[in-house]
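Worksheet for the structure shown next.
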There are 2 protein chains.
Amino acid sequence: MSEALTDVPGRGRRPRRPSGDDRERALLATAEALLEQRPLDGISVDDLARGAGISRSTFYFYFASKEAVVLALLDRVVAEARAARTAALAGATGARDAWRAALVTVRDTFREHRALTAAATQLLAASPEVRSLWSAVMEDFVAETAAAIDAERARGAAPAGPPARDLAVALNWMNERVIQVSVSGAGPGLAEEDLVEVLLAIWLRTIYGSDRIDR
Amino acid sequence: MSEALTDVPGRGRRPRRPSGDDRERALLATAEALLEQRPLDGISVDDLARGAGISRSTFYFYFASKEAVVLALLDRVVAEARAARTAALAGATGARDAWRAALVTVRDTFREHRALTAAATQLLAASPEVRSLWSAVMEDFVAETAAAIDAERARGAAPAGPPARDLAVALNWMNERVIQVSVSGAGPGLAEEDLVEVLLAIWLRTIYGSDRIDR
DNA sequence: CCCGCGGCTCGACGCCATGTCGAGATGCTC
DNA sequence: GAGCATCTCGACATGGCGTCGAGCCGCGGG
């Protein structure tokens, strides 16, 4: 772990100076690795620079701040997540399948990047850029969910109830929070293997059930 | 707003030196006021000290750090919230009433202290103390909710389903997150006046409904 | 070949925030 | 009015951040 994650082969000859892209990648990798160990405030620009084998001031040639590094990382993960979701939804047959598939991809994203998503959650309050990126993703999920609920209602599979968008907002934030907490252990959570079942049950009951309490 | 929130009457005579308790209160008040304007990282110990009319070093006589101030604030709010919840639940007649009452008190707490709760959310990742306080509260709510669900199931009012505790975990985190986001505007949220209705609908459907999709 | 230029690197500097220390002031109690 | 606990402050040490200007490296053109 110590000799800086850079070291380009250089085909035979002595080590060449790594390219700018290599450096950038090394910084991103270092950041994600360090985030596994401590929260962002515990990581200095110097830590990142050293991890990538460059000096602190050189760091600023690549990124404006450590928050910017996290944002870049987040961009990547968001792109991945969108792609995975689209693929999963395309592969699903029927509504019920689709709900579960979406849930699984969200869980997997948070699981594979727990450190990063935790950092993002923390930066939500402090960084406008992170906030707007996160909001955009959330907005997409919400809109998509709301449309799906409306479709189910239109074809008579789901009963009427609160505005579909309102349900979608609540359900999607629930996913985000519950999964985040559960994979990071920052409070009472669910076992990772139960996440999908439990959340799915809530989604289905919310979407396909009505609030009558009889009996 | 400028002349430091301290100024004890001193009964006629010239201003006496404010007591330690006054100072502490002034610091807490200053902190909550400043948090309305910017996140915690944007507030320096000096800001807090000046707001309370003392020097920066004197601040450290009262608190070990600005995080400690937030923690103290949080302690107060948590105590209030617990009390309000207990009172509300005592006043509720019947289960349905109780669910709504609990929801209302949570919403009100977040609404009256949006700045503070936002700061707490951010510190969740960074401060073990905040994390453990928050977890403790959450754990209480979850345990209480789970017990109530089990009671409803026992008396035949609610059908079987996923473990009550799992549902309780998810529902309570949903509340926290959705309310937080909605009152702070940090992403797609619900209108404040719809919060209770929408969340309640989800709770009721989750607790009293089953996941069968027929029709 | 070597020259120049754009991409890259660094050390040094100034700034700001944090937290600590020791030297006092203040006011209550006996 | 002496003594003590409470409280206050300025000075200092430390450490992170972001900037700047002086250069180094390697490639492509003359």
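Each chain gets a letter, A, B and so on, in the order the sequences are listed, and its residues count up from 1. Remember, predicted model here, so these are calculated numbers, not experimental data.
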State, to 0.1 Å, how close Gly187(A) and Val181(A) come at their nearest heavy-atom pair, and which atoms those are. O-CG1, 3.9 Å
Rounded distance (Å) that lies between atom P of dC7(D) and atom CG of Leu27(B): 12 Å
Can you tell me the distance, in whole Å, between the OH atom of Tyr60(A) and the C1' atom of dG14(C)? 14 Å
Report the relative orientation of the aromatic rings in Trp99(B) and Trp203(B); use parallel for angles under 30°, tilted for 30 to 60°, perpendicular for over 60°. tilted
Is the charged tip of Arg85(A) near the ring of Phe141(A): under 6.0 Å from the six-membered ring centre and within 45° of its axis? yes
Spacing of Phe59(B) atom CZ relative to dT20(C) atom P, expressed in whole Å: 12 Å
Taken to the nearest whole Å, CZ/Phe63(B) to P/dG19(C) is 14 Å
What is the distance from CD of Glu24(A) to C1' of dC8(C), rounded to the nearest Å? 13 Å
Distance check needed: dG16(D) C1' versus Arg38(A) CZ, whole Å only. 14 Å
With a 4.0 Å cut-off, would you call Asp97(B) and Arg100(B) a salt bridge? no
Between Asp41(B) (CG) and dA17(C) (C1'), how many Å, whole number? 12 Å
Is any side-chain nitrogen or oxygen of Tyr62(B) closer than 4.0 Å to OP1 or OP2 of dT8(D)? yes
Does dC17(D) have its OP1 or OP2 closer than 4.0 Å to a side-chain nitrogen or oxygen of Lys66(A)? yes
Side-chain touch Val69(B)/Phe59(B), heavy atoms, less than 4.5 angstrom: yes
As a quick check of understanding, evaluate side chain to side chain contact (heavy atoms under 4.5 Å, CB included) for Val130(A) and Glu67(A), giving each step before the final call. CA-CA 9 Å; Val130(A) 169; Glu67(A) 284 77 16; over 6 Å; no
Taking atom P of dG18(D) as reference, at what distance in whole Å does atom CG of Leu48(A) sit? 12 Å
Where do N or O atoms of nucleotides 9-13 of chain D meet protein N or O atoms at under 3.5 Å, pair by pair?
| from | atom 1 | to | atom 2 | distance (Å) |
| --- | --- | --- | --- | --- |
| dC9(D) | OP2 | Ser55(B) | N | 2.9 |
| dC9(D) | OP2 | Ser55(B) | OG | 3.3 |
| dC9(D) | OP2 | Thr58(B) | OG1 | 2.9 |
| dG10(D) | N7 | Ser57(B) | OG | 2.9 |
| dG10(D) | O6 | Ser57(B) | OG | 2.9 |

